[in-house]
Protein chains: 2
Amino acid sequence: MKKDPTATRTKIMNAAKTLILDNGFGGTTVDAVIERAGVSKGAFFHHFSSKAELGHILVKRYAENDAQHLDETLDKAEELSDDPLQQLLIFVKLFEQEMRSLEDPFPGCLYASYIHQSELFDDRIKELIRESMLKWRIRVKAKLEEVVENHPPKQEVDLESLADMLLVIFEGAFVLSQSLKEAKTVAQQLAHYHTYLQLLFEEKG
Amino acid sequence: MKKDPTATRTKIMNAAKTLILDNGFGGTTVDAVIERAGVSKGAFFHHFSSKAELGHILVKRYAENDAQHLDETLDKAEELSDDPLQQLLIFVKLFEQEMRSLEDPFPGCLYASYIHQSELFDDRIKELIRESMLKWRIRVKAKLEEVVENHPPKQEVDLESLADMLLVIFEGAFVLSQSLKEAKTVAQQLAHYHTYLQLLFEEKG
DNA sequence: ATTATAATACCGACTAGTTGGTATGTTATA
DNA sequence: TATAACATACCAACTAGTCGGTATTATAAT
C-alpha cells in the first residue's frame, strides 16, 4: 500500500471537477467526490480544509490552465503570420480545430458552472473568475487594435465587445452542445466568429 | 387572512426561480424557498409533491413563456417588413433593444442553469430543454432559408448553426454579463450578431 | 339566505436519512 | 522515530418529506 500525496490530491480534484460539471457545486457532495476518487474522507480533509476550499483551489487550477492555454494559442498564432488580422484568424482557427477534434460534447466550463451558482461562492472566487474572463478580453482586444490599424472595419464596431464575443461564443456553444448532445456545435460557432472577423476586416479581392 | 392558492403557487415558483438562478437547483433548499416565498412547508408540499416536481413545473412554465416570447417577437418583426432579411434584422434588433433597457445584468437563463447541473434532472426535463432550444433553431433557420433566396451570402455559411448562433450568443452573454457585472453585454453581443447578418446578406450600396 | 357537508388550502412539529466536518487511530515514508 | 498520509468511526446540523390537525372556501340542501 504505497502513498502518493500529489496523486491523491489530483485524483480528488479531477473527480470533483467532473462531478461539479455534471451536478454543480451545490449538487456535489464530499462523499460522492471521495467515492469517485477512491479515497477516504480522512484523505480528503487532510488535503482540503473544507469543501469550499476545494472549490476555490479547483477553479484556481482551472484558471491557471485557461490563461496558459490562451497565451500559448495566441503565441502559436503569432508565430504563423506577421499580419495581426491573419494572426487573429489563425488564433480562432486553432481553437476551432481543437474543438472539432472532440468526439463528445465538451464537458463544460468551470467558470460558467460557478457563475450559475454564484451565491454559493465568496467574492474572492467570483473575482478570480471575473479576472480570468477579462484576460480574454484584454488579449483579444489588444490584437483587434492592431488589426484596425491596417484593416479598417467594413462596419463600425466596438472592439471590446467584439473581443468578448469569443468567450461569449465559447460559453454559449458549450451550453447548446451539452443540451443538444452535438459535439460539433462549438467548432461550428467558432467558425462563425471566424467568418464574422473576415467579413469585418478582410479586403475584398 | 384569505387564501389564494394560485397566488401561493406563484409565490413559491417565483421564489424558487430566483434562488435556483442564484444558487442552482442543487444549492437551493426547500426551506430557503418557503422562507423567501413566505409560506409554510405544508403549503409547499400541498402544491408540489416533491422538490423535483417543482423543478419540472418551473422549467415547463419557463419554456412556455420562452416559446411565446420567441413567436411574438418574430411575428412583430414580420409585421414591420416584407423582406425576410429585414424581418430577421428587426427580430434581432427587438431583442437587442429589450436587453439594452435592462439596468442590471439579466438574472440568467433557467435552461443554462439546469444544463449546468444536468445530472440532477431526469431525461424528461433534459428533453424539454432540448426541444425548447430546437424551437429557436427551427424558426430562425426557416427565416434564414427565406433570406438566402433573395440575398446570397457573401461567404458560404451553414444556416443551421447560424440560426443556433442567436441562442449561443444569448447564453454566452448571460454568463459574461453576470460575471463581469456589466448589464450592457447582452445587447452588445446581439448587436454583433446583427452586424454579422448584415455583412453576410446585405447588398453593398 | 342559512346552514350542513365536504373539499381544498394551509400549518408546523417531527422523522429518517444525508450533509460537511472532526476525533482518533493506523500505516507508510523521510 | 517523527511526521506526513491516510483510514474509520463518529457527530451535530441540515435535508426533503410526512403527518395530524386547523382554517378557509366551495357546494348544495334547506
Side-chain angles (χ1 to χ4, degrees), chain A residues 1-59 61 113-114 117-122 124-125, chain B residues 1-59 61 113-114 117-122 124-125:
Chain A
M1 188 71 113
K2 69 172 187 179
K3 294 189 177 180
D4 189 345
T6 4
T8 304
R9 222 182 134 83
T10 307
K11 274 199 299 182
I12 293 173
M13 291 178 72
N14 291 345
K17 186 190 168 188
T18 305
L19 286 170
I20 289 172
L21 287 177
D22 282 351
N23 309 318
F25 186 79
T28 301
T29 68
V30 174
D31 281 342
V33 171
I34 65 174
E35 195 194 327
R36 180 171 238 274
V39 304
S40 71
K41 203 157 221 186
F44 181 97
F45 283 101
H46 174 74
H47 286 284
F48 305 97
S49 69
S50 68
K51 186 190 167 189
E53 194 196 70
L54 169 66
H56 189 183
I57 292 177
L58 206 59
V59 75
R61 182 186 73 164
S113 176
Y114 279 42
Q117 333 213 121
S118 54
E119 290 312 300
L120 301 181
F121 303 100
D122 60 41
R124 272 172 32 255
I125 290 182
Chain B
M1 192 67 122
K2 70 172 186 175
K3 293 190 178 184
D4 187 344
T6 5
T8 304
R9 225 182 132 80
T10 307
K11 273 199 298 181
I12 293 172
M13 291 178 73
N14 290 345
K17 185 189 169 189
T18 305
L19 286 170
I20 289 171
L21 287 177
D22 282 351
N23 309 319
F25 186 78
T28 300
T29 68
V30 173
D31 281 342
V33 171
I34 64 175
E35 195 194 326
R36 182 171 235 274
V39 303
S40 71
K41 200 155 225 185
F44 180 97
F45 283 100
H46 174 75
H47 285 283
F48 305 96
S49 69
S50 68
K51 187 190 164 189
E53 193 194 74
L54 169 66
H56 189 181
I57 292 176
L58 206 58
V59 75
R61 182 185 71 165
S113 175
Y114 278 41
Q117 332 213 119
S118 53
E119 290 312 300
L120 301 181
F121 302 99
D122 59 40
R124 274 175 28 258
I125 291 182

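Every chain is numbered from 1, with letters handed out A, B, ... down the list of sequences.
Between atom CZ of residue B/R9 and atom OG1 of residue B/T6 there is a gap of 9.5 Å, rounded to the nearest 0.5 Å.
Scanning residues 24-50 of chain A for heavy-atom distances under 4.0 Å to DNA chain D yields A/V39, A/S40, A/K41, A/G42, A/A43, A/H46, A/H47. Contacts between residues 8-18 of chain B and DNA chain D, defined by a heavy-atom separation under 4.0 Å, are absent.
We find that CG of A/L54 is positioned 10 Å from P of C/dG21, with the value rounded to whole Å. In this structure, A/K51 places its NZ atom 12 Å from C1' of C/dT18, rounding to the nearest Å.
Under the 3.5 Å distance criterion, the side-chain polar atoms of A/D122 are matched with a main-chain donor or acceptor of A/I125.
The two residues B/A43 and B/V39 make their nearest non-hydrogen contact at CB-CB, 4.1 Å. For the residue pair A/T28 and A/L19, the shortest heavy atom distance occurs at OG1-O, 3.3 Å. In this structure, A/S113 and A/G24 approach most closely via the heavy-atom pair OG-CA, 4.3 Å.
Counting heavy atoms from C-beta on, the side chains of B/Y114 and B/L58 come closer than 4.5 Å.
Under the side-chain hydrogen bond (donor to acceptor under 3.5 Å, both in side chains) criterion, the residue pairs touching residues 35-59 of chain B are B/D31-B/K41, B/S49-B/E53, B/H56-B/R124, with sequence neighbours excluded.
Within a 6.0 Å radius of NZ in B/K11, other residues, nucleotides and ligands contribute more than 12 heavy atoms.
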